[in-house]
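Report on one structure; see the data block that follows.
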Amino acid sequence: MEINAINAAVLAKMFLNGAKNLEAKKEWINELNVFPVPDGDTGTNMSMTILSAAKEVSALAQPDMASIAKAISSGSLRGARGNSGVILSQLFRGFTKVIGKEQEITVPVLAAAFQKAVETAYKAVMKPKEGTILTVARGAADKAAQMAEATDDLVCFLDEVIKEAERVLKKTPEMLPVLKQAGVVDSGGQGFVVILQGAYDALLGKELDTAIEAGPAVQVQKITKETEAEIKFGYCTEFIIVLNHPFSEKEERKYKAFLESIGDSIVVVADDEIVKTHVHTNDPGLAIQEALAHGALSRIKIDNMREEHQERLIKDAQKVAAQQAAVQKVQDAAEEVRQEHKDIGFIAVSAGDGLSEVFRGLGADYMIEGGQTMNPSTEDILNAVGNVAADHVFVLPNNKNIILAANQAAALSEQKQVHVIPTKTIPQGITALINFIPEQTAEENEARMMEEIQNVKTGQVTYAVRDTVIDDKEIRQDDYMGIGDKTILAVGRELEQVTLEMTESMIDDDAAIVSIYYGEEVTQEAAQAIADKISAGHEDLEVEVQYGGQPIYYYLVSVE
């Protein structure tokens, strides 16, 4: 099969199928996050980003290259969530700059589009890190440039580009030691490869359902035998093979072919020492038996997806209801902030009603419900900016995974000057607001806040969702983890002990104030008991306890 040119209709199908493929595998990509936290969200963020663009592409009645390019670029930029979603949107932005000028896509055009995509994405990231989605995309672009000189066949071209992307993806653990230690490849890079694979399937003409739904309805789906029957293969099976000897290409192809014969949703990531395997099958024993022929097995995980499907239906409905309630909160807040026009206003991202009250008490004009569990999109932030009656609007992302989306919103804002203070944690955002001086200019306040947030140390306590090893700390599923600004500070089976150990590691000779914000699953008495023990050991410290109400994270602790 040889294809020398792609028209607008085929491009639309390829893009939509790439989006569908990512949506189908987002939960597996979420599980690739290095830190085994319960709110890993790379797959979700990338999926929501591309689906925002896919909805605009699907809405085009008679698409041509220019209109598809505009829909992809605009939809992904505004729908971008999280760092991975923002980087993906920038890849699409660069890609569409090239294809939007063409009537059809040939190998040279596609190669140039890959190059422009990578160039644009690298420019958008202040400190690009190798071993990430950027590295995988660059590997694909470099291979595209080589193949443009070797073939005019788009099928051959894309096949080789995807193989190279997969090869670079396998090498990401060698580029980022934290990936190797956790036994995973880069999640963003994996998402990028999944999109390419879906697009390639569409090019080959495989029967596809590329309809993109407008959005879920708030209802609990009735669980029936017919619903369960939608799951063809019932067991999600994952394990790592510690190889007796490195896989040859022939062995790897044979291994994948066997897995395809017993299941679907197959992902095989191999290097010289290990092979990480994911397959949905009705007989996990067959997969395990085949794997044992190649080496010893570790980290075996088998989940009954039919049971999980029932639970997820209920959780999804609850989540949609919560999201719609959050939208209503935003609309209600918009009505509340119809205040007199002023020079400087503030937007803060917050998860938890107690934390939101703290921000409001410090002068925040507008709250965006979100955080690590639900990163707001670029458009969410832009809408918030529009609802603050001020010439200068300061945005406090309060999460490192929201900063890029906030910066993107600032670049897209036309009517107001948007200042993004790159707060990576809630305590940094609180410190930024405390240091605001109304009598000074926006520029003077920005400089002060940028300086002061550097003096805040933050710790967060949650639980582990899988076994792993990070920074030589052995972590077991359901362990409590105290996560600092850069690494995991404490691990254990007792919540109070982990919180105390984490906090003690943050306290130094310069520390003056310790603030403890307890979450929705923690009592005030338990939080106060921790505060009392810290005070007993450090009489010169001021220790505060406040209700945060945040989900998933039992405690947020700041040391200043």
Side-chain angles (χ1 to χ4, degrees), residues 15-16 18-35 37 39-57 71-96 117-118 120-129 132-137 186-196 198-199 212 215 319 323 349 351 368-384 395 397-412 420 422 424:
F15 180 77
L16 294 175
K20 279 284 189 180
N21 201 36
L22 180 61
E23 170 69 9
K25 296 178 179 177
K26 66 181 180 184
E27 292 300 336
W28 175 72
I29 293 170
N30 283 342
E31 293 173 6
L32 292 177
N33 283 336
V34 172
F35 280 6
V37 292
D39 51 0
D41 54 6
T42 299
T44 299
N45 283 337
M46 293 182 73
S47 178
M48 293 182 78
T49 299
I50 196 172
L51 286 177
S52 176
K55 288 170 186 174
E56 293 200 21
V57 172
I72 293 173
S73 180
S74 175
S76 62
L77 282 172
R78 290 181 172 273
R81 296 174 187 267
N83 292 345
S84 56
V86 172
I87 293 172
L88 181 63
S89 74
Q90 290 295 326
L91 287 168
F92 287 145
R93 182 178 174 223
F95 185 86
T96 56
V118 171
T120 304
Y122 266 90
K123 285 181 179 178
V125 179
M126 189 172 295
K127 294 180 180 179
K129 184 182 293 186
T132 66
I133 181 176
L134 290 170
T135 310
V136 177
D186 178 67
S187 53
Q190 182 68 71
F192 178 74
V193 169
V194 164
I195 294 169
L196 292 181
I212 301 294
K319 187 174 181 180
Q323 288 173 346
V349 180
I368 299 178
E369 295 275 339
Q372 186 64 22
T373 52
M374 176 55 71
N375 298 150
S377 68
T378 297
E379 188 163 30
D380 291 335
I381 298 170
L382 270 175
N383 289 339
V395 179
N398 301 331
N399 187 291
K400 65 181 180 180
N401 209 29
I402 301 175
I403 293 172
L404 283 182
N407 287 336
Q408 195 151 276
L412 293 172
V420 177
K424 297 179 180 179

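Every heavy atom of this structure was used, including side-chain atoms; hydrogens, water molecules and symmetry mates were not.
For S47, the side chain to side chain contact (heavy atoms under 4.5 Å, CB included) test picks out L22, E23, K26, L51, with sequence neighbours left out. Every residue meeting the side chain to side chain contact (heavy atoms under 4.5 Å, CB included) condition with K123, not counting sequence neighbours, appears here in chain and number order: E119.
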* To do: Begin from the C-alpha positions of V136 and V193 and carry the test side chain to side chain contact (heavy atoms under 4.5 Å, CB included) through to its verdict.
  => CA-CA 8 Å; V136 177; V193 169; 4.0 Å; yes

Next item on the list: Please test E379 against L77 for side chain to side chain contact (heavy atoms under 4.5 Å, CB included), starting from the C-alpha separation and ending with a verdict.
Entry: CA-CA 8 Å; E379 188 163 30; L77 282 172; over 6 Å; no

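Checking side-chain atoms of N21 against main-chain N and O of V194 turns up a donor-acceptor pair under 3.5 Å. Not a single donor-acceptor pair under 3.5 Å links the side chain of D41 to the backbone N or O of T44. Between the side chain of N45 and the main chain of G85, no donor-acceptor pair closer than 3.5 Å is present. Judged by distance alone, with hydrogens and angles left aside, the side-chain atoms of S74 form no donor-acceptor pair with the main-chain N or O of A71 at under 3.5 Å. Of the possible polar contacts, one joining the N83 side chain to the K400 backbone as a donor-acceptor pair under 3.5 Å is found. Between the N398 side chain and the V349 main chain, a donor and an acceptor come within less than 3.5 Å of each other.
Between F92 and F15, the ring center distance clears the sub-6.0 Å criterion.
Looking at I133 and L91, their side chains come closer than 4.5 Å, going by heavy atoms from C-beta outward.
Between D380 and R81, at least one side-chain N (NZ, or NE/NH1/NH2) sits under 4.0 Å from a carboxylate O, which counts as a salt bridge.
A donor-acceptor pair shorter than 3.5 Å cannot be found between the side chains of N30 and S187.
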